[in-house]
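Following this message is one structure expressed as structure tokens.
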Amino acid sequence: MHQPFYKDLWTGQYKLPWTRLHALKDYAGMVRLLEEFPNVRQTFNLVPSMVSQIAEYAAGTASDPFFECAAMPAEALTEAQQTFVLRYFFQANVDKIIRRYPRYVELYERRRGPMSIQDLRDLQILSQLAWFDEDVLAKDQELQELIRKGRDYSLSDQERMISKQREALAAVLPVYRDFAARGQIEIATTPFYHPILPLLCDSDIAEVSHPGVTLPRRFQYPQDALTQLERARSYMRDMLGVTPEGLWPSEGSVSDEALAMAAGCGFKWAASDNGVLSRTLGIAAGIDETYQQYVWQQDQREMRLLFRDHYLSDLIGFEYSRMGAEEAAEHFLARIRENTRNHDVLVPIILDGENAWEWYEANGRPFLRALYQRISDDPRLEATTVSQALERYDTRPLSHVVPGSWINANFDIWIGAEEDNLAWDLLLDARRVYDQHAAETMEIARLLAYEELLIAEGSDWCWWYGPEHGSENRPEFDQLYRDHLSNVYRALGLEPPPQLSHPILKTQDGELREPPSNPIHVTLDGEVTSAFEWMGAGHYRPDSRSGAMHGGGAVAREMFYGSNGTDLFVRLDCAGTGKFGIEFEGSPTEVRVVLGRIVEMEAPRKGDRFRITVERDGLPSMTLPAEGWIEFAR
């Protein structure tokens, strides 16, 4: 479980709401669900900086502008606050969250038009109600009443919703303490502010994983990496009553130096991805290599290591949300049975604990129940904690690891792109200024400056820099990163450099939609027959960037489409293989498909809104666009 550190220590305000909202929707419910399955044991990795934010929300000492606007009487919202509400209160999965509430859908469809006071109050309540945990919504009578009411909410309804939200936030951390104490879950952790440890130790190590990568000026502060590790372990002990033995290094990022440091701090095991294992072994890490534990040893220090099954973990993270719960659970366990061939082996499944579920029906609870029930009913299967599993299986020695992360076994997400490298250079400048002025600064200010540096060392800022990931909140992440660095200078009594007042983000292409400008006539042969064949066609290019989760496939790099009046023609570039189809709103249709250097398709035009479907590897259809439809102008 992980969220960036959204609090500005200088102002005391939280800039974004995602820790609060995911604490409502995911964190407690994921653990409480295990009450129904006492034989299922799991490991939950909690990032300390996320835990500290949850603790402040639970204590009522945290505040963010999103919460303030949700709690304020609609009549009291200023014009600027109303604009804020209309901009941000629809930031949720439209199909799986917003569409569960008819009034929320109605407001979403009218979001660019005028809103009455009643409209705003309904939006304030529904935008928060939609983020409550599934089982809390099902069992809490007061929340059930709000759901049944559906619209025309009163000020007292709003006050009740805010009260229930505070109550739910206060319950999160006690659930982890309770389940850890009874032994049904193991709590692992991550360096305090979620930094990429190998890069803190030496940013030049990125070139080992990606020879020739463009690097910023060298950042080399292993003492900061050690601080992030030591504080993580002690803080989790103080907050949750257990001292973590396990470490999920941020983003599964490992190096020999980072592992030695973690072992020296008392961690007994760590985990990464089998892509890193492949590069370490010099062979493709298949089932036999992945389904076992390793012991890394160097200079009289050792660490037990697991490497997650990338494919199976990503099935849960990215694919099963498009399948029924029972079907997905059966498919997953069938793959495990097939892979293990009835041998007693360790299958490491590690994935994002929060962001996947909003793509599932009912926040993934039906899928998890179906999965846990099948595991409980099958005597050949056992879901157990990492530490319990490591006691049962032999280890294979490793004398080193090739540095890398769970994404492509390198560090390219966080370093190498122009924006990333500028962010690292600005961090290095602030770190050097701290070294120059810390000794002459009062202790309280010096501690504040160093804390802001540790926050800025977190991985989340560079997650959103560079070309790989997109979000409506990228400007806010950029601003918050630069605020943290600016606060280093302010705490030291210095003026922040002018460069920190300018965005690091560059303009980036996202989704492109261009409607057709004239009729087209196409020869279906899988080739671009002439330069004029697709001239005037509509053009759709999906946003190639991922969001908070990295991964998932794409149907095609781009699509061209048009009509001769009676038929629809579609061209897909860089589409790969699969079973392609066209679906008009309301019904599929017969399609003629020709695969060549491009994919060309023809179907009777049955309406003005359509999308492309493709089936691959026996999994449910993906669509282009991933959400919504391509629409001909009327």
Side-chain angles (χ1 to χ4, degrees), residues 2 190-191 194-222 224-226 228-229 247-263 270-286 289-290 294 296-298 303 305-311 313-314 348 350-352 398-425 427-428 457-469 544-546 549-551:
H2 163 57
T190 292
H194 206 265
I196 304 297
L197 281 184
L199 297 182
L200 284 196
C201 293
D202 185 356
S203 61
D204 280 3
I205 204 168
E207 193 166 22
V208 176
S209 307
H210 181 173
V213 66
T214 303
L215 292 175
R217 288 176 290 144
R218 190 177 196 175
F219 189 95
Q220 194 172 19
Y221 284 88
D224 290 359
L226 182 61
Q228 300 260 14
L229 280 167
L247 179 73
W248 171 251
S250 314
E251 309 295 352
S253 297
V254 293
S255 67
D256 288 332
E257 185 174 5
L259 289 177
M261 190 177 291
S272 187
D273 185 79
N274 64 354
V276 172
L277 180 61
S278 294
R279 298 192 69 177
T280 297
L281 298 178
I283 60 171
E289 292 78 21
T290 302
Y294 293 79
W296 171 94
Q297 294 176 314
Q298 272 190 16
M303 180 75 70
L305 293 177
L306 287 179
F307 297 92
R308 74 180 196 130
D309 184 319
H310 189 111
Y311 176 72
S313 300
D314 278 7
I350 304 173
L351 68 147
D352 187 307
L398 283 180
S399 61
H400 78 290
V401 292
V402 173
S405 75
W406 76 268
I407 303 176
N408 301 323
N410 59 35
F411 304 109
D412 288 1
I413 295 294
W414 304 275
I415 199 167
E418 180 183 359
E419 293 173 358
D420 294 324
N421 289 351
L422 176 56
W424 279 98
D425 283 340
L427 174 64
L428 178 61
E457 289 172 350
S459 71
D460 301 285
W461 320 114
C462 285
W463 180 270
W464 299 112
Y465 293 137
E468 299 93 353
H469 300 119
S544 62
R545 300 166 297 177
S546 303
M549 296 181 69
H550 182 96

**Report entry** Side chains of Leu197 and Pro195 in contact at under 4.5 Å (non-hydrogen atoms)
**Finding:** yes

Report task. Carefully, step by step, assess Trp406 and Ile413 under the rule side chain to side chain contact (heavy atoms under 4.5 Å, CB included). Result -> CA-CA 11 Å; Trp406 76 268; Ile413 295 294; over 6 Å; no

Query - Non-hydrogen side-chain atoms of Glu289 and Asn274 separated by less than 4.5 Å - result: no

Requested in this report: Let me see the working for Leu422 and Tyr465 under side chain to side chain contact (heavy atoms under 4.5 Å, CB included), right down to the final yes or no.
Outcome: CA-CA 10 Å; Leu422 176 56; Tyr465 293 137; over 6 Å; no

Requested in this report: Report yes if some heavy atom in the side chain of Asp256 is under 4.5 Å from a heavy atom in the side chain of Val401; otherwise report no.
Outcome: yes

Query raised in the report: When you look at Ile415 and Val213, which way does the side chain to side chain contact (heavy atoms under 4.5 Å, CB included) test go after all the steps?
Result: CA-CA 9 Å; Ile415 199 167; Val213 66; 5.6 Å; no

Query raised in the report: If you round to the nearest 0.5 Å, how far is NE2 of His310 from CD1 of Ile350?
Result: 12.0 Å

**Report entry** Ala423 versus Cys462, closest heavy-atom pair with distance
**Finding:** CB-SG, 3.9 Å

**Report entry** Where Pro211 and Val208 come nearest, the two heavy atoms and their spacing
**Finding:** CD-O, 4.1 Å

Query raised in the report: For His210 and Asn410, what are the C-alpha separation, side-chain angles and deciding distance, and is it a side-chain hydrogen bond (donor to acceptor under 3.5 Å, both in side chains)?
Result: CA-CA 6 Å; His210 181 173; Asn410 59 35; 4.9 Å; no

Report task. Please examine the side chains of Ile407 and Trp414, heavy atoms only from C-beta on, and report whether any two atoms are closer than 4.5 Å. Result -> yes

Report task. Determine the minimum heavy-atom distance between Ala270 and Met303, stating which atoms define it. Result -> N-SD, 3.8 Å

Query raised in the report: Does a side-chain heavy-atom distance below 4.5 Å link Tyr294 with Leu281?
Result: yes

Report summary line: Residues Trp248 and Thr190: closest non-hydrogen pair is O-OG1, 2.8 Å

Report task. Look up atom CG in Asp460 and atom CD in Glu251, then write down how far apart they are to the nearest 0.5 Å. Result -> 7.5 Å

**Report entry** Under 3.5 Å donor-acceptor, Thr280 side chain and Val276 backbone
**Finding:** yes

Query raised in the report: Judged by atom type as modelled, is there a donor-acceptor pair below 3.5 Å linking the side chain of Ser203 to the main-chain atoms of Leu199?
Result: no

Query raised in the report: Is there a donor-acceptor contact under 3.5 Å from the side chain of Ser250 to the main chain of Ile196?
Result: no

**Report entry** Which atom of Ala225 lies closest to which atom of Cys201, heavy atoms considered
**Finding:** CB-SG, 3.9 Å

Report task. Determine whether Asp314 and Leu351 make a side-chain contact, defined as any pair of heavy atoms from C-beta on separated by less than 4.5 Å. Result -> no

Query raised in the report: Can you list the steps and then say if Leu229 with Leu247 is a side chain to side chain contact (heavy atoms under 4.5 Å, CB included)?
Result: CA-CA 9 Å; Leu229 280 167; Leu247 179 73; 4.0 Å; yes

Report task. Identify the two heavy atoms, one from Met261 and one from Leu226, that lie closest to each other, and give their separation to 0.1 Å. Result -> SD-N, 3.4 Å

Report task. Quick one: pull up CZ in Arg218 and CD1 in Ile205 and give me the separation to the nearest 0.5 Å. Result -> 9.5 Å

Query raised in the report: Relative to the ring of Trp424, is the ring of Phe219 parallel (under 30°), tilted (30 to 60°) or perpendicular (over 60°)?
Result: perpendicular

Query raised in the report: Is a salt bridge present between Asp273 and Arg279, judged by a nitrogen-to-oxygen distance below 4.0 Å?
Result: no

Query raised in the report: Is any side-chain heavy atom of Phe307 less than 4.5 Å from a side-chain heavy atom of Ser278?
Result: no

Query raised in the report: Between His194 and His2, what is the ring plane arrangement, given parallel below 30°, perpendicular above 60°, and tilted in between?
Result: parallel

